[in-house]
Amino acid sequence: MSTTSHIKPISAPDVNVDELLSDAAAKLFRNVSDFDAVQAAEAARWAPTVWKAVAEAGFAWIGVPESAGGSGGTIADACEVLRVAGAHAAPIPLAETGIIGGWLLACAGLPLPDGPVTVAPGRPDDTLTVTVNADGSATLDGSLHRVPWAAKSDVLALFDEASGKVIAVPNSAYTTDLLTNMAGEPRETVTFAAASIPADAVAEAGPQVTTDALRNRGALSRVMLMAGALEAMLNLTVDYCEVRQQFGKPIGRFQAVQQHLVWAAQDAALTKMAAQIAARQAARGDARFEIAAARSLANECASTATRQCHQAHGAMGMTQEYALHHLSRRLWSWRSEWAHPGEWSGKVGRFAESVGPQNLYPLITAGSAHLS
Amino acid sequence: MRFTPTELTPAELELQAEVRDFLAAELPRGTYEPALGMGADHDKEFSKKLAAKGWVGMALPKRYGGHDRSAVDRFIVVEELLRSGAPIGYHWVADRQTGSVINKFGTEEQRERFLPIISRGEIGFSIGMSEPDSGSDLASVSLRATRTEGGWILNGTKIWTSSAHENDYFICLCRTTPMEDGNKHQGLSQMLIDLATEGLQINGIPFLDGAPGFNEVVMTDVFVPDENVLGDAGMGWVQNTSELAYERGGPDRWLSTFGVVEQFLASHVGTPMGDRAVQSLGSMVARYWGLRNMSLTVARMIDQGAAPSVESALVKEMGTRFEQDTLLKLIELVDLEPSPESASMFERMFTAATLTGPSFTIRGGTIEILRSVASKGLRS
Ligand SMILES: Cc1cc2nc3c(=O)[nH]c(=O)nc-3n(C[C@H](O)[C@H](O)[C@H](O)COP(=O)(O)OP(=O)(O)OC[C@H]3O[C@@H](n4cnc5c(N)ncnc54)[C@H](O)[C@@H]3O)c2cc1C
């Protein structure tokens, strides 16, 4: 849109995501995470060339301090890269390696491995028991569910709330099954049989790490990925409706189809804005409200926009050979990750209840800053 | 389409605090029946008080009595007024659109005549666009203006003219040159008309709940002097399109039912809400937060000199649907047979909102028309 594209992004004085970073990320993901790479990753359960390129560029460790072996930058920078990765359906555990798992390891002063890191999102059917032994080592028994790319990760970063420890679990300590999510991304069951983890891989988590903080990071990562995927899905659909002709004209000229496009555009714009504000707030500190609100919106928008975009595509959207499913299947999967039903809208509702009717609007305008 | 997040500066936050303090003093909760957004009562005293604070005609130039404030400053003031259900009806239209249109297209004399009284909150404007046979297809209006010595003679009927019975003036879109070859966008003009002019008859049309508000304005040989033609005769369509842009994307397009949601929460004070209610409330609050940020961005873009027409159409289309959705979510949560005479404020407001709800997605241009506008700007 020529009339508005000259508008400079307004960055907050204290949180400033460099546009060069998003541009560089967009260029890289466009090159390596193309249709064929995403398609191939599904069968192979891994995308070595995508991972290699992202790792070489240092993108996997943005938001993790350099002193801890990361690439530096803020969580807002890392989030922007995640958003771009989502737009390109990048089939790698980027968030797990960086702002979730990398963060856990860095907070505990544990070393970052060279390869990917994964994190268990915490499912109701998890049966893991953690025993921290007198010599500082830990013994793990039981299983964890829906762990992204567990088989391909060097380390599973684990936070044990009861002992307050972060444990850098090496890949050799567990076995995995072959489960995937609806997009064919590995979400494996990790099983431990009295696995012993040496003391140097077990460390005090530090005050920053709480289950809430971990879940917020997990949720934020999915908001960013969904924001990217929604925007990409919209663009794909708008383009398709220009090109596809029926009754002698592009289908995008039909009002009924325009409605699909407009509703999907709203979902994409709303999620992107919510995601970027939540990321900005996370870089400042307390972002409880923004993350929960963004997550509630993103989940709703993912559901409605996939429906609109599929409808506008007709049968073409239903084949493996066309890119829509790389995005729609991920959106259907991501909306359920790091979220049990009603979790995030419920959090927002409880925040509203806690401030009361007189302060409901101030909560909407000031967000987390309004919560004590 | 582009929405870049923005946030309020310290000076803007100060303004917000000032408006909140003013409203807390003027309209303590519980002492009045909150209006549903812009469909608020006329209260000339309240309009004057606001104007005295410098909060009417904010965007108009100082030399005409305005305040040279930004679109964001106006956003801050009106969002607080709307979410409080303040009685803003008298000055609302003049403040939102008429003042800006006169400033943009009017003659120097018109600016001097109208802008100071608009900024003092002392004049109420109506909108004279729709006709019995011209709704969405507004360019087809046929209200006829014929040339006469020193002005024009108008004959025809406007309809759905909100508050014409209690306002002072309206801007009337009329045809100053007969339509040729079906080129309906040519030959239209906007006129500033005193609603007390001879030959102009205002007939009330009851709203579906029986309330006054709607009117039919019948003009029989109404004389409009040349100095009341707004801008250039024949340029009415372009000017009118520009006027409609002020009607879009602002807080009035997503806050109409906020008071109902607030009262829902108030009705639960002291009794913890169940999970379903909390999740539903949370989903609404999240959307208020998201919509507000998009709407604020539209205001910021206007201040930066952009013309965010696609963005504001997207926000209005989405915002007005959301206003209706909130009512559907609430009715699922409460065991009510709603009555307008109920002792419960929540119930009265819910009833009023349900009865006016269908108009949210119609007034100022239907959502179907907005989608056509918005869909033209979706290419990235
Ligand atoms: C509460 C309220 C206050 C109002 N106040 C004023 C006022 O003060 N001044 C004033 O001038 N007007 C006012 N209006 C009128 C308002 O501007 C019109 O209602 C609106 O422009 C739609 O016109 P219409 O009602 O004639 O509907 P129509 O144009 O007859 O439309 C009926 C239906 O057909 C659809 N439709 C029509 N054309 C198309 C198309 N091309 N493509 C797809 N769908 C289409 C519409 O979207 C709608 O769903 C008010 C309306 C309301 C509800």
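Note on naming: letters A, B, ... go to the chains in the order of the sequence lines (proteins, then strands), and numbering restarts at 1 for each one. Treat the numbers as computed from the prediction; the structure is a model and nothing was measured.
For Gln358(A), the parts lying under 4.5 angstrom from a heavy atom of chain B are both the backbone and the side chain. Looking at Ile369(B), neither its backbone nor its side chain comes within 4.5 Å of chain A, counting heavy atoms on both sides. Contacts between Pro362(A) and chain B at a heavy-atom distance below 4.5 Å involve backbone atoms as well as side-chain atoms. Using a 4.5 Å cut-off between heavy atoms, Phe351(A) does not touch chain B at all. In this structure, chain A has no heavy atom under 4.5 Å from any part of Glu368(B). Interface residue Thr297(B): only side-chain heavy atoms are found under 4.5 Å from chain A. With a 4.5 Å cut-off on non-hydrogen atoms, Ser296(A) touches chain B through its side chain but not through its backbone. Using a 4.5 Å cut-off between heavy atoms, Ala366(A) makes no contact with chain B at all. Using a 4.5 Å cut-off between heavy atoms, Arg29(B) contacts chain A through its side chain alone, with no backbone atom that close. Contact annotation for Arg292(B): only side-chain heavy atoms (C-beta onward) come within less than 4.5 Å of a heavy atom of chain A. Proximity to chain A is limited to the side chain of Phe258(B), based on heavy atoms less than 4.5 angstrom apart.
Pairing each heavy atom of Met294(B) with each of Ala269(A), the nearest pair is CE-CB, 3.5 Å. What you find for Leu291(B) and Leu270(A) is that their closest heavy atoms are N-CD1, 4.0 Å. Here the shortest heavy-atom pairing between Ala352(A) and Leu265(B) reads O-CD2, 3.6 Å. Listed here is the closest heavy atom pair of Gly346(A) and Val278(B): O-CG1, 3.2 Å. Smallest separation of non-hydrogen atoms from Ser283(B) and Glu300(A): OG-OE2, 2.6 Å.
With a 4.5 Å cut-off on side-chain heavy atoms, Leu234(A) and Met1(B) count as touching. Under the 4.5 Å side-chain criterion, counting only non-hydrogen atoms from C-beta, Arg287(B) is not in contact with Val348(A).
One distance of note links CD1 of Ile364(A) with CH2 of Trp289(B); it measures 11.5 Å at 0.5 Å rounding. With rounding to the nearest 0.5 Å, the separation of NE2 in His260(A) from OG in Ser375(B) is 12.5 Å.
By the neighbour-count criterion of 12 heavy atoms within 6.0 Å, atom CZ of Arg307(A) is sparsely surrounded, having that number or fewer from other residues, nucleotides or ligands.
By number of non-hydrogen pairs under 4.5 angstrom with chain B, the leading residue of Ala294(A), Cys241(A), Ala292(A), Pro341(A) is Ala294(A). Interface summary for chain A: among Ala313(B), Gly282(B), Ser280(B), Gly290(B), the most heavy-atom pairs under 4.5 angstrom belong to Gly282(B). When Gly349(A), Ala293(A), Pro357(A) are compared by the number of non-hydrogen pairs under 4.5 Å with chain B, Pro357(A) comes out ahead. Among Ser372(B), Ala286(B), Ser267(B), Ser84(B), the residue making the largest number of heavy-atom pairs under 4.5 Å with chain A is Ala286(B). With chain A as partner, the option from Leu8(B), Thr9(B), Leu281(B), Asn293(B) having the largest number of non-hydrogen pairs under 4.5 angstrom is Asn293(B).
Looking at Glu262(B), its side chain never comes within 3.5 Å of a backbone N or O of Leu360(A) through a donor-acceptor pair. Between the side chain of Glu353(A) and the backbone N or O of Met273(B), at least one donor-acceptor pair lies under 3.5 Å.
Between the side chains of Gln258(A) and Arg371(B), no donor-acceptor pair of N or O atoms lies under 3.5 Å. Side-chain N/O atoms of Thr365(A) and Arg20(B) include a donor and acceptor closer than 3.5 Å. A side-chain donor from one of Glu79(B) and Tyr361(A) sits under 3.5 Å from a side-chain acceptor of the other.
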- Full working for side-chain hydrogen bond (donor to acceptor under 3.5 Å, both in side chains) between Gln266(A) and Glu317(B): CA-CA 9 Å; Gln266(A) 290 164 343; Glu317(B) 202 275 345; 2.8 Å; yes
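Looking at Arg2(B) and Glu231(A), no side-chain N of the basic residue comes within less than 4.0 Å of a carboxylate O on the acidic one, giving no salt bridge.
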